[in-house]
Amino acid sequence: MEKAIYPGSFDPVTKGHLDIISRTSSIVDHLIVAVLENPRKQTMFSVEERLEMLRRSTARYSNVEIDYFGGLLVDYVKKNNIRIIIKGLRAISDFEFEFQMALVNRKLCPTVETLFMVTNSKYSYLSSSIVKEIAGFGGDIKDLVPPEAYDLIMQKFRGL
Ligand code: ADP
């Protein structure tokens with residue numbers, strides 16, 4: 001049973017993330033989408049909110065599970081017998097950091113492979129920060145985030 005993990009902040013989930021989730025779920029048996037809980041990184045949405053947005057957005061994929069982790073990704077990978085780490089690549093600017101992380105993770109856990117999935121060109125400009133920037137200035141983010149997460153995201157902005 002080939003298990004993969006797609007880790008990230010998902011603060012909040014975007015259509016770019018969902019595209020990677022959908023394409024990966026069609027090639028592995030089981031995909032864990034894992035929200036990074038990092039107390040040192042300031043996020044707009046709590047872990048519980050990010051999990052809920054992901055749960056709603058991925059409900060139609062029966063082989064996708066939503067979870068969270070703190071600390072080292074490789075510790076979670078080892079504990080759950082995961083062989084594959086999935087990373088999305090938008091541009092060369094993503095590459096340098098992800099390349100280093102892939103080498104570090106292999107050093108810490110030699111059995112794990114990092115696979116890079118190239119963005120869908122439709123979403124190559126899309127990031128969580130862009131979504132927050134646009135929504136923060138009252139712009140329309142409907143086309144940028146999964147419809148199932150839209151209300152939860154907008155609630156946060158209306159409450160600010
Ligand atoms: P971001 O704030 O940049 O969206 P995340 O930590 O939530 O960052 O991203 C998690 C993973 O998803 C990373 O591997 C990132 O490269 C990838 N990713 C994010 N947006 C896209 C996109 N539009 N297309 C492809 N991959 C993406």
Side-chain angles (χ1 to χ4, degrees), residues 1-38 41 43-45 47 50-69 72-78 80-135 139-150 152-153:
M1 169 110 172
E2 215 54 89
K3 258 205 274 189
I5 185 166
Y6 176 41
S9 303
F10 306 105
D11 185 46
V13 62
T14 69
K15 280 195 176 172
H17 296 131
L18 198 65
D19 181 71
I20 300 286
I21 293 171
S22 160
R23 286 157 60 204
T24 306
S25 80
S26 71
I27 55 175
V28 301
D29 296 316
H30 190 77
L31 175 65
I32 301 171
V33 180
V35 171
L36 171 64
E37 181 181 36
N38 182 355
K41 201 172 159 188
T43 56
M44 175 164 211
F45 297 88
V47 170
R50 288 180 275 155
L51 290 170
E52 185 55 28
M53 289 188 270
L54 280 165
R55 277 189 212 110
R56 291 189 190 184
S57 308
T58 62
R60 79 192 93 128
Y61 304 106
S62 57
N63 63 342
V64 172
E65 176 188 342
I66 309 299
D67 199 3
Y68 70 96
F69 71 102
L72 288 178
L73 175 62
V74 288
D75 289 339
Y76 184 97
V77 160
K78 285 181 195 162
N80 293 280
N81 263 320
I82 295 168
R83 281 273 316 280
I84 303 168
I85 298 172
I86 297 287
K87 291 297 184 92
L89 280 186
R90 281 162 292 200
I92 291 288
S93 49
D94 277 340
F95 181 77
E96 201 164 312
F97 176 73
E98 294 298 354
F99 184 66
Q100 183 184 23
M101 288 310 299
L103 293 176
V104 166
N105 284 334
R106 169 114 55 77
K107 171 86 188 139
L108 297 175
C109 178
T111 54
V112 76
E113 294 290 354
T114 300
L115 301 187
F116 293 102
M117 189 158 274
V118 172
T119 183
N120 181 326
S121 56
K122 270 199 304 198
Y123 303 127
S124 60
Y125 63 89
L126 195 49
S127 68
S128 299
S129 349
I130 284 289
V131 167
K132 286 181 281 196
E133 187 84 4
I134 295 174
D140 186 5
I141 57 161
K142 242 198 183 99
D143 286 345
L144 311 183
V145 300
E148 299 85 353
Y150 178 77
L152 288 178
I153 296 171

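All of these numbers come straight from a predicted model, not from anything done at the bench. Excluded from the calculations below are hydrogen atoms, water molecules and symmetry mates; all remaining heavy atoms, backbone and side chain alike, are included. Along the sequence shown, residues carry numbers from 1.
- The distance from atom NZ of K142 to atom CD1 of I153, rounded to the nearest 0.5 Å, is 11.5 Å.
- Counted within 6.0 Å of CZ on R55, heavy atoms from surrounding residues, nucleotides or ligands total more than 12; the atom is thus considered enclosed.
- Residues forming a side-chain hydrogen bond (donor to acceptor under 3.5 Å, both in side chains) with K3 (at least two apart in sequence, or on another chain): none.
- Heavy-atom minimum distance, R90 versus L126: NH1-O, 3.2 Å.
- Counting only heavy atoms from C-beta outward, the side chains of V64 and V33 approach each other to under 4.5 Å.
- Within the model, atoms CZ of F97 and NZ of K87 stand 6.5 Å from one another, a figure rounded to the nearest 0.5 Å.
- Put simply, CG on L51 and CD on E37 are 9.0 Å apart, with the number rounded to the nearest 0.5 Å.
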Candidate pair T58 and I66, rule side chain to side chain contact (heavy atoms under 4.5 Å, CB included), full reasoning: CA-CA 9 Å; T58 62; I66 309 299; 3.5 Å; yes
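- Other residues, nucleotides and ligands place no more than 12 heavy atoms under 6.0 Å from the NZ atom of K122.
- Residues satisfying the side chain to side chain contact (heavy atoms under 4.5 Å, CB included) criterion with L36, sequence neighbours excluded, are N38, F69.
- Judged as a side chain to side chain contact (heavy atoms under 4.5 Å, CB included), and not counting sequence neighbours, N81 has no contacts.
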Residues 99-109 side chain polar contacts: donor-acceptor under 3.5 Å, at least two apart:
| unit_1 | atom_1 | unit_2 | atom_2 | d |
| --- | --- | --- | --- | --- |
| N105 | ND2 | M101 | O | 3.3 |

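- Applying the side chain to side chain contact (heavy atoms under 4.5 Å, CB included) criterion to I27, with sequence neighbours excluded, gives M117.
- Taking R23 as the reference, D19 meet the salt bridge (charged side-chain N to carboxylate O under 4.0 Å, His left out) condition, with sequence neighbours excluded.
- Residue I32 holds its CD1 atom at 13.0 Å from OG1 of T24, rounded to the nearest 0.5 Å.
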N/O donor-acceptor pairs under 3.5 Å from side chains in residues 4-15, not counting sequence neighbours:
| unit_1 | atom_1 | unit_2 | atom_2 | d |
| --- | --- | --- | --- | --- |
| S9 | OG | K41 | NZ | 3.0 |
| D11 | OD1 | M44 | N | 3.2 |
| D11 | OD1 | F45 | N | 2.8 |
| D11 | OD2 | M44 | N | 2.9 |
| D11 | OD2 | K132 | NZ | 2.8 |
| T14 | OG1 | G16 | N | 3.1 |
| T14 | OG1 | H17 | N | 3.2 |
| T14 | OG1 | H17 | ND1 | 3.3 |

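- By the side-chain hydrogen bond (donor to acceptor under 3.5 Å, both in side chains) test, Y76 pairs with D67, sequence neighbours left out.
- The two residues I86 and I84 have their closest heavy-atom pair at CD1-CG2, 3.9 Å.
- Listed by chain and number, the residues in a side chain to side chain contact (heavy atoms under 4.5 Å, CB included) with D29 are M1, E2 (sequence neighbours excluded).
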Candidate pair E52 and L152, rule side chain to side chain contact (heavy atoms under 4.5 Å, CB included), full reasoning: CA-CA 9 Å; E52 185 55 28; L152 288 178; 3.9 Å; yes
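- In this structure, CZ in F116 is found 11.5 Å from CD1 in I20, a value given to the nearest 0.5 Å.
- The line from OG of S25 to CG of L18 is 9.0 Å long, rounded to the nearest 0.5 Å.
- The environment of Y68 atom OH is sparse: at most 12 non-hydrogen atoms of other residues, nucleotides or ligands sit within 6.0 angstrom.
- Residues that satisfy the side-chain hydrogen bond (donor to acceptor under 3.5 Å, both in side chains) test with E133, not counting sequence neighbours, are absent from this structure.
- Between N63 and L31, the closest side-chain pair of non-hydrogen atoms is not below 4.5 Å.
- Annotation: salt bridge (charged side-chain N to carboxylate O under 4.0 Å, His left out) contacts of E65 (sequence neighbours excluded): none.
- Considering only residues two or more places apart in sequence or on other chains, N80 meets the side-chain hydrogen bond (donor to acceptor under 3.5 Å, both in side chains) condition with none of them.
- Between I134 and L144 the shortest side-chain heavy-atom distance falls below 4.5 Å.
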